[in-house]
Amino acid sequence: KVEQLTATRCNQEDLEQRLSSIKIIFVSLDPSALFQVFALPWFWFNLAMETLKFAQFTSSADPAFWHALAKQKLDKFQLSDAAVQISGFYPMGNRADVPARGSVGADSFEKSTSPMNTMLMRGTLYNMNTLEAFKEYDVPGAVNREAQKCWEAISSGAALDDMSQLCRFTLLTFSDLKKHKFYYWFGFPALTFPTGADILASPTIPLSTTPEFSSQQVADLFAKYAAYRKDNPNCHTFLVQRNDDSTVDIKHAKDWATIEEGRLVVGFSDSCGLQSNPGWPLRTLLLALAYYFGTTGQTLKVKVVALRATMENSITFDVEIPPLDVAQKSASVPPGIIKGLEKDKKQRLRPRLCDLSASMDPARLAATAVGLNLSLMRWRLMPEIDLPKVASCKCLLLGAGTLGCNVARLLLGWGVETITLVDNGTVSYSNPVRQTLFTFEDSAAAKPKAEAAAFRLKQIFPGVNASGVSLSIPMPGHPVSGVSLDEAVQNAAKIEQLITDHDAVFLLMDTRESRWLPTVICAAQNKMCFTAAVGFDSFVAMRHGVVGKEYSDGLRNVGCYFCNDVVAPTNSTKDRTLDQQCTVSRPGVSMMVSAAVVELMVAMLHHPLGALAPVEGGTPMQDACRGDAEDVGASCLGSVPHQVRGFVADFRQMCIGGMSFDKCTGCSAKVVDKYKQSLKDIITNVCNTPSYLEDLTGLSAMHQAVEDMGDLDWDDSEDSDGDLQ
């Protein structure tokens, strides 16, 4: 019996069978033979060895990861469901009541390193476009592909240089971005030995109490491990050499052969906090050790140190690793795969759900939803659209009435982040039905229009930077003097600063003369400027011209609002009846022109030349407006016309171009130069002298020349050659 037991070490039997066998030996052997059995060291060793069990990972996804995934889905993945390489990490085990965690965070899409005191994990993300595709996806197949990467890293030798390649995970997701719900399923694959080849291990012993290491060696181990990690941040596995002088040396796994037998210890950064079990990464690591350092037909015996966050929590134990034969090492697939699919909270093999809607700030939810609607344009319809460029365009709205309210709402829809409204009026009872940012309560309290509109924009979308300024704009034909002159100059200076601080200016006032000063300032600053104006059943939305090197004659690429006029703006409300003083139009007209002028701005932003975009078309006037600019193509959103004129009576719309006028009272060089010389002088002269602008630009002289031409006598008779005399 003793000889038989000696020849066949029953290390494949479980503990219960061995104890049963020992009882039989006890009754069949005499005391001397029994003593011989007890004297064998392997007897007690076999009695204590058990099948090694590993603590599987539990997923831990930081909320920032889901926000990052949503952003990646909107901006990068869009409709693609291709595999994406991401990174994760696991912290070293600390407490027995905290499970081993495989974590992902906000940096999982950008970095291939792990945070401090954590170990790198490499993963593959599969983000599905629909919930149905998520449910039908072959998750086991995806896990097997990730396990195959581990085997290829082992067989190629890459894992010997970087053991982090053996710690992998698979993540299947579906992002319901409207409801802020994320369906996900983690898989943490591990490689294992063929069926029947169990890994045996002795009971674990706390590292701080094991006789294998002195207290000085344990302290030295932790100190040198910390230093080793600085140069090897992904050192999941390392070798420990025990020295005679109460010190240890930490070496790379490739230095296995340089360490004396009996002094070698395999160390690894353990994810588990349990005193009785090591963590999940050790399972694949042991297979790699058998591949690299095992001998065919012989069990590889090693001592393992599971290094954890604290000295007291770290453990050590002996392991018997089954051998791999030549065929198994040369195979293209691993000997065995454990898929490591995570279970749900009810311990069912099903995906999990992360619902962020309840925990997210409502303002952030709104911002995400606004971004979602805009980003969807880029998925199929318009991949070239530059949403950040539109969002960062600071817009100044001069006028917070019907046009101002509608334009502000549309800019909000385009994701514009900064909107400033300027108006000097208060909300009246007739306003709320047409002016969409006001309520009855606003009119009852006679709130200032600019401030009330800005307040309402923030109520609609808290993420917008909206502000209102109550201000009167100096206008031609409206006399100023004394205190009113000083106030007019101060207001003009404020308008000037506001225009300087913004990228695009919208002229949305009721009267022609109120548009004059902003037009001059925009021309002087070469700023993007847009005008929207309405009649009873007609409208015009237009862009003002700018100066650029493409236009060598010094004129602007297109005309401004005043370039088609041969008379200067003056007081349009003087001696007018009530219906003439108010803007009387069909209610839908303001909506139409507001949409046209906002879309015109967005199209211009996407043109390669921006505000210098030439007018496209075939009429002689449109061709003339092109100047010397080269044909660089249209905006990705279509053409960028100079003027859009609409006629609701017959539901007709047309795009036309107008050239800049060298005698324009708004943008001509003479007016701009006079404005640059003295703001106060030009305000004083324009407001108090009706003919000042016409005299300055040469319109008065042109009028006189035309009148003089009317005094000419025309001879309609023909000479012998038929020429006019």
Side-chain angles (χ1 to χ4, degrees), residues 397-411 421-438 440 442-443 449-450 453 473 475-478 505-516 518-519 529-544 558-601 621 641-658 664-666:
L397 279 54
L398 300 180
T402 305
L403 295 176
C405 290
N406 292 338
V407 168
R409 289 298 301 266
L410 292 168
L411 291 174
L421 300 104
V422 177
D423 202 293
N424 70 331
T426 57
V427 183
S428 65
Y429 287 107
S430 63
N431 294 153
V433 294
R434 293 194 180 207
Q435 299 176 12
T436 54
L437 292 178
F438 304 134
F440 173 79
D442 295 330
S443 59
K449 281 189 174 182
I473 301 176
M475 296 178 286
H478 295 252
V505 181
F506 290 84
L507 308 185
L508 310 171
M509 302 85 125
D510 292 332
T511 62
R512 178 169 168 262
E513 63 269 25
S514 61
R515 297 183 176 95
W516 174 79
T519 297
C529 185
F530 303 89
T531 288
V534 298
F536 171 68
D537 57 2
S538 61
F539 66 83
V540 59
M542 64 180 296
R543 58 183 170 110
H544 293 209
V558 291
C560 75
Y561 177 74
F562 296 96
C563 278
N564 289 337
D565 295 340
V566 293
V567 294
T570 185
N571 192 338
S572 61
T573 61
K574 185 178 181 180
D575 297 328
R576 299 294 182 94
T577 60
L578 181 61
D579 63 318
Q580 293 172 324
Q581 294 180 24
C582 298
T583 302
V584 179
S585 66
R586 294 171 63 169
V589 175
S590 64
M591 302 284 188
M592 298 167 71
V593 70
S594 299
V597 76
V598 170
E599 296 300 323
L600 180 58
M601 182 204 77
M621 180 175 288
H642 176 213
Q643 301 179 33
V644 180
R645 292 186 176 268
F647 307 92
V648 183
D650 53 2
F651 292 95
R652 179 168 51 91
Q653 186 170 290
M654 59 188 297
C655 297
I656 62 174
C664 175
T665 59

How far does [atom1] of [X] sit from [atom2] of [Y], to the nearest 0.5 angstrom?
| X | Y | atom1 | atom2 | answer |
| --- | --- | --- | --- | --- |
| L397 | L403 | CG | CG | 10.0 Å |
| N564 | I656 | CG | CD1 | 7.0 Å |
| T531 | L508 | OG1 | CG | 8.0 Å |
| H544 | C664 | NE2 | SG | 9.0 Å |

Looking only at atom types and distance, does a side-chain atom of R543 sit under 3.5 Å from a main-chain N or O of P641, one as donor and one as acceptor?
yes
Main chain of T665, side chain of W516: is a donor-acceptor contact present, judged purely on distance under 3.5 Å?
yes
Non-hydrogen atoms of [X] and [Y] that approach each other most closely:
| X | Y | answer |
| --- | --- | --- |
| S514 | I473 | O-CG2, 4.0 Å |
| T570 | G477 | OG1-CA, 4.1 Å |
| L421 | A400 | CD2-CB, 4.1 Å |

Can you list the residues that meet the ring pair (Phe, Tyr, Trp, His ring centres under 6.0 Å) rule with Y561, with sequence neighbours excluded?
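Not a single residue meets the ring pair (Phe, Tyr, Trp, His ring centres under 6.0 Å) criterion with Y561.
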Checking F440 now: which residues fulfil ring pair (Phe, Tyr, Trp, His ring centres under 6.0 Å) with it, not counting sequence neighbours?
Y429
Residues in side-chain contact (heavy atoms from CB on, under 4.5 Å) contact with [X], at least two apart in sequence or another chain:
| X | answer |
| --- | --- |
| N431 | V427, S428, Q435, F438, K449 |
| V567 | R512, E694, H703 |
| D537 | R586, V648, A649 |

Test F506 against L411 for side chain to side chain contact (heavy atoms under 4.5 Å, CB included), laying out the working first.
CA-CA 11 Å; F506 290 84; L411 291 174; 4.3 Å; yes
Do any side-chain atoms of residues 587-599 form donor-acceptor pairs under 3.5 angstrom with protein atoms, and if so which ones, sequence neighbours left out?
{"residue": "S590", "atom": "OG", "partner": "N406", "partner atom": "ND2", "Å": "3.4"}
{"residue": "S590", "atom": "OG", "partner": "P587", "partner atom": "O", "Å": "3.3"}
{"residue": "S594", "atom": "OG", "partner": "S590", "partner atom": "O", "Å": "2.6"}
{"residue": "E599", "atom": "OE2", "partner": "W414", "partner atom": "NE1", "Å": "2.9"}

For M542 and V558, what are the C-alpha separation, side-chain angles and deciding distance, and is it a side chain to side chain contact (heavy atoms under 4.5 Å, CB included)?
CA-CA 10 Å; M542 64 180 296; V558 291; over 6 Å; no
Just jot down the side-chain hydrogen bond (donor to acceptor under 3.5 Å, both in side chains) partners of [X], sequence neighbours excluded, or say none.
| X | result |
| --- | --- |
| S538 | none |
| R645 | Q643 |
| T519 | none |

Any chance you could lay out the side chain to side chain contact (heavy atoms under 4.5 Å, CB included) test for R434 and S585, step after step, and finish with the verdict?
CA-CA 11 Å; R434 293 194 180 207; S585 66; 4.0 Å; yes
List for me each residue that meets salt bridge (Lys or Arg N to Asp or Glu O under 4.0 Å) alongside D442, sequence neighbours excluded, and say none if there are none.
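Per chain and number, D442 pairs via salt bridge (Lys or Arg N to Asp or Glu O under 4.0 Å) with K447, R456.
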